[in-house]
Amino acid sequence: MSSAWLAIVLAAAGTFAMRAAFLVVAHRLADVPMPVQRVLRQIPPAALAAIVVPDLLRPRQHLDLWQPELAAGVIAALVIWRTRSTALTLVVGMAVLVGLRHV
Amino acid sequence: MSASTVPDDLRAGARAVAPMLVGVVPFGLVAGATPVAHGLGGGVAVGFSVIVFAGASQLAAIDVLGSGGSPFIAAVAAWTINLRLLLYSASLAPHLARERLRTRVWVAYLLTDQAYAVCISRWGPDDNPRRRVPYFLGAALVLWVSWQLSTIAGVLIGATVPEDVPLEFAVPLVFLVLLVPAITGRPAAIAAAIGGIAAVVGAEAGAGKLSLMVGAVSGIVAGTLAELRWPPATSDVAPEPSG
């Protein structure tokens, strides 16, 4: 087996283990104790913010608070907060970014 | 007998992730083109996409291999980036407690940022647990097929994405669309704020792809402490009705 295929098998095995870790024992998780529920509830906002915020605050891999991505992101956040419309948010966010890049 | 809701749920899941394909397809093209550019061949590119099926980690492993690193180091690079999948697995598991093991194993293989994000924003105390897996599969299969097809396209034609259209910006926008409604109160707002700030600090400190995990864990700790300090109204934490 070539080293690339060995890397694929190793990477896939570990990745699957992480994906499956809790799902394979989910049948024992029907009644999650309240303290654990409290922790699990934090995962969506914390993980989603950890994905989004660096993309907006350091779009070119360094911290920069004066750039079009952050401005477009803030406006898009207001649009989704007020309208809950995915399509409108994407259109407005993209349009603001393109517009600001050309001024 | 009422008509099956499965087709409706498959379609609803597919519709929910459709806007994300704007980010997935160019990324898949890169995942297909990069191994070819490194001389690893198209088979390896497709192998990564089908067997590993986790975009950022594929590119990290390919980068290690392309610069002459060992397969073990390449795998460690991939694992590091994919640690966040542990959090998604923990977060989704209680919602799928009544599913068969075989179903949960398929869910695990297909689990991605996008599929997690659309499902966790929909599943809660009020939805029908039986309709969750079809919704997940509708989303996850659209992502899987798009990922494989765009990988193959990347192998065949290379990654040629127009530069003046900032398509890559669709990715943070789509996650933003899911983040904002997830902020349901003060603890969630604190989890998001600390999660985002810690991820930026981690990245600035050179944590690389691990900064996502740094941010997520910091945000989870902060949100948990905030909930202990400001407990939510009991109606918000009503347990899922059993049965």
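The shown structure was predicted, so the numbers you read here are calculated from the model rather than taken from an experiment. Chain identifiers are assigned alphabetically (A, B, ...) following the order of the sequence lines, protein sequences preceding nucleic acid strands; residue numbering begins at 1 within each chain.
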Residues which pass side-chain contact (heavy atoms from CB on, under 4.5 Å) with B:Ile81, listed by chain and number, not counting sequence neighbours: B:Ala56, B:Ser57, B:Ala60, B:Arg84, B:Lys209
Heaviest contributor of heavy-atom pairs below 4.5 Å to chain B, chosen from A:Val52, A:Val36, A:Val25, is A:Val52
Side chain, backbone, both or neither: which part of A:Val32 has a heavy atom under 4.5 Å from chain B? side chain
Which answer fits B:Leu101, side chain, backbone, both or neither, if we ask what part of it has an atom under 4.5 Å from a heavy atom of chain A? side chain
I need the minimum non-hydrogen distance between A:Pro45 and B:Ala188, along with the two atoms involved. CB-O, 3.6 Å
Which region of B:Leu65, side chain (C-beta onward) or backbone (N, CA, C, O), has a non-hydrogen atom less than 4.5 Å from a non-hydrogen atom of chain A, or is it both or neither? side chain
Could you check if a side-chain atom of B:Ile51 sits within less than 4.5 angstrom of a side-chain atom of A:Trp5, using non-hydrogen atoms only? yes
Partner of A:Leu23 under side-chain contact (heavy atoms from CB on, under 4.5 Å), picked from B:Val107, B:Thr103, B:Val105, is B:Val107
From the list A:Thr89, A:Ile80, A:Leu29, the residue making the most non-hydrogen contacts under 4.5 Å with chain B is A:Ile80
Pick one of side chain, backbone, both or neither for B:Leu83, based on which atoms fall under 4.5 Å of a heavy atom in chain A. both
Of the listed B:Ala61, B:Ala78, B:Pro181, the one with the largest count of heavy-atom pairs under 4.5 Å with chain A is B:Pro181
Of the backbone (N, CA, C, O) and the side chain (C-beta and beyond), which part of B:Leu87 lies under 4.5 Å from a heavy atom of chain A, both, or neither? both
Applying ring pair (Phe, Tyr, Trp, His ring centres under 6.0 Å), can you list everything that pairs with B:Tyr88, at least two apart in sequence or on another chain? B:Tyr116
